[in-house]
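Each chain gets a letter, A, B and so on, in the order the sequences are listed, and its residues count up from 1. Just so you know, these numbers use all the heavy atoms, side chains as well, and skip hydrogens, waters and symmetry mates.
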There are 2 protein chains.
Amino acid sequence: MQKASDRAYESIRAMILSGELAAGERLSEEALAESCGVSRTPVRDALRRLEAELLVRRNESQRSFVADWSLSDVADAFELRAMVESYAAGRAAERMDDKTLVKLKACNSAIYDAISRKVPDISAFLDHNREFHAIILAVADSRRLTALLGTLIEQPLVRRTAQHYGAEALHRSYSEHEDLLAAFARRDRPWAESVMAGHIRRAFHAYADAHRGMSSVDRKAA
Amino acid sequence: MQKASDRAYESIRAMILSGELAAGERLSEEALAESCGVSRTPVRDALRRLEAELLVRRNESQRSFVADWSLSDVADAFELRAMVESYAAGRAAERMDDKTLVKLKACNSAIYDAISRKVPDISAFLDHNREFHAIILAVADSRRLTALLGTLIEQPLVRRTAQHYGAEALHRSYSEHEDLLAAFARRDRPWAESVMAGHIRRAFHAYADAHRGMSSVDRKAA
DNA sequence: GAGTTTTGTATTGTGTACAGTTATGACGAG
DNA sequence: CTCGTCATAACTGTACACAATACAAAACTC
């Protein structure tokens with residue numbers, strides 16, 4: 001069995017990432033239990049895991065809330081992610097093999113297909129993008145690194161704002177991936193690190209622009 | 001109340017870090033519950049937390065084991081820690097204030113006292129050293145960074161092997177802290193980053209030397 | 001005798017009841 | 001009308017009981 005605990009985890013996580021549970025909202029174990037169709041025990045398990053990911057916060061009296069990410073929190077996470085993920089790309093460059101390179105190329109081609117339609121398929125883009133980075137992380141071959149990045153990649157708001165990415169931002173992301181592939185093909189660690197660092201930092205500014213645009217007047221993001 | 005869960009956490013954690021629970025050993029929830037004098041529920045909580053720190057590993061069928069850290073695992077952790085903690089030192093340099101600087105100086109003086117006795121007080125050294133780094137982390141002022149480093153600092157074996165550090169390694173650590181203080185006093189971010197990176201990397205090699213010495217013939221560490 | 005199936009035991013997952021704690025609202029005094 | 005206090009309600013922590021699963025050992029078959 002052991003499904004109940006996982007179901008609760010996935011369910012609550014999805015509700016937080018989608019915004020169904022608003023930032024700062026109170027989380028009652030009992031209410032979540034009913035919402036997930038399980039008892040409080042697996043919900044408690046799930047909340048502990050989400051707390052470790054900083055998706056859930058607890059106040060001094062042990063009550064749980066949806067973490068509210070300020071812009072500076074998101075900036076922090078992106079800065080750390082840029083550092084850690086460029087390190088991962090560097091390790092991957094040294095450990096790259098031709099078979100994995102082919103997989104990465106196929107993955108980025110899928111990204112190209114998704115963003116080159118008349119109406120870009122953002123959901124497919126996000127999925128393939130996630131896979132692309134996951135493959136690199138796997139090649140980097142460090143459990144510790146994987147665990148660390150796991151807490152940095154999924155951020156509330158990011159997925160929701162991805163819908164507002166412009167076509168040029170999506171294509172820029174694709175072409176940065178191509179650069180990464182070139183660096184990997186040459187086993188060039190410093191190159192891979194540089195490209196990845198820039199890739200993540202660009203993503204942050206795209207997010208920040210979109211976020212500013214959303215929170216104030218709905219102006220076009222650069 | 002809420003003590004039982006914390007007691008279980010601290011108790012199990014201490015048993016792992018001290019080596020009382022050997023690396024790779026099976027962890028039975030019930031046995032731990034009895035050993036901690038609580039029921040299985042808080043033990044489960046504690047195991048989830050320790051799992052997030054990678055101090056406890058679970059196999060595919062959800063059974064828990066003490067994580068067995070290979071030398072390469074420890075090397076991984078140190079490399080990441082060097083990267084992340086030097087970033088923290090850099091942020092701290094930019095945010096440093098005079099009051100905190102005084103506290104850090106006092107802390108390092110306490111370290112000097114601990115290591116300058118006829119028989120160095122390693123336990124006091126470790127405590128003050130932890131406090132020194134904790135203060136820097138607090139000044140860096142990023143919850144995310146704090147959470148990240150939390151999973152990197154405590155490592156099985158490290159505390160145990162600290163007993164074997166030579167007098168010169170301890171004094172070197174003290175003097176590197178002094179360098180950090182100088183960098184902080186001048187709000188010199190790159191300097192602080194460099195010193196911290198070197199500080200952590202030296203610590204790793206001290207550990208590696210001691211570890212090699214212990215696992216093969218008991219030769220003197222450099 | 002070797003391999004496979006079956007059975008028994010140990011361990012974890014889940015639900016639920018109860019106790020202790022915190023928050024909230026009502027009521028009364030100033 | 002406001003502030004403080006007290007009572008009640010809601011929620012979390014803990015324990016325990018039961019169900020489900022996995023591992024191991026023994027027995028049976030080929």
| Heavy-atom closest contact (B/Ser64 atom, B/Arg58 atom, distance) |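 What the structure gives for the nearest pair is OG-NE, 3.9 Å.
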| said: For B/Asp45, is there an ion pair with A/Arg48 - N to carboxylate O distance below 4.0 angstrom? | reply: yes
| Does A/Asp76 pair with A/Arg81 as a salt bridge, N-O distance under 4.0 Å? |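 No, this pair does not count.
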| Base, sugar-phosphate, or nothing for B/Leu27, non-hydrogen atoms under 4.0 angstrom? |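 Result for B/Leu27 = sugar-phosphate.
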| query | Heavy atoms under 4.0 Å, any strand shown: does A/Leu32 hit a base, just sugar-phosphate, or nothing? | reply | nothing
At less than 4.0 Å, is any side-chain N or O atom of [X] found next to OP1 or OP2 of [N]? Yes or no.
{"X": "B/Arg26", "N": "C/dT12", "value": "yes"}
{"X": "B/Ser64", "N": "C/dT12", "value": "no"}
{"X": "A/Gln62", "N": "D/dC11", "value": "no"}

What is the distance, to the nearest angstrom, from the [atom1] atom on [X] to the [atom2] atom on [N]?
{"X": "B/Glu29", "N": "D/dA15", "atom1": "CD", "atom2": "C1'", "answer": "14 Å"}
{"X": "A/Asp6", "N": "C/dT12", "atom1": "CG", "atom2": "C1'", "answer": "13 Å"}
{"X": "A/Arg58", "N": "C/dT22", "atom1": "CZ", "atom2": "P", "answer": "13 Å"}
{"X": "B/Tyr9", "N": "D/dT14", "atom1": "OH", "atom2": "P", "answer": "15 Å"}
{"X": "A/Arg48", "N": "C/dT14", "atom1": "CZ", "atom2": "C1'", "answer": "16 Å"}
{"X": "B/Glu30", "N": "C/dA10", "atom1": "CD", "atom2": "C1'", "answer": "9 Å"}
{"X": "B/Arg7", "N": "D/dA15", "atom1": "CZ", "atom2": "C1'", "answer": "13 Å"}
{"X": "A/Arg40", "N": "D/dA15", "atom1": "CZ", "atom2": "C1'", "answer": "12 Å"}

| request: For A/Val38 and for A/Ser61, locate the closest nucleotide of DNA chain C by heavy-atom distance; then report the residue assigned to the nucleotide nearer the 5' terminus. | output: A/Val38
| message | Quick check for you: among D/dT14, C/dG13, D/dC11, whose closest atom lies nearest to any side-chain atom of B/Arg44? | response | C/dG13
| remark: Of the candidates C/dT14, D/dA15, D/dC11, the side chain of A/Ser28 sits closest to D/dC11
| query | Hey, does A/Leu32 have a side-chain heavy atom less than 4.5 Å from the side chain of A/Leu47? | reply | yes
| Between A/Arg63 and B/Arg63, who's closer to the 5' end of DNA chain D by nearest nucleotide? |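 That would be A/Arg63.
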| task | Any side chain to side chain donor-acceptor pair (under 3.5 Å) involving residues 31-43 of chain B? Give me the pairs, sequence neighbours left out, ordered by first then second residue. | result | B/Glu29-B/Arg40
| said: Distance criterion of 3.5 Å, no angle test: do you see the side chain of A/Thr41 paired donor-to-acceptor with the base of C/dG15? | reply: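 Side chain to base: pair found, below 3.5 Å.
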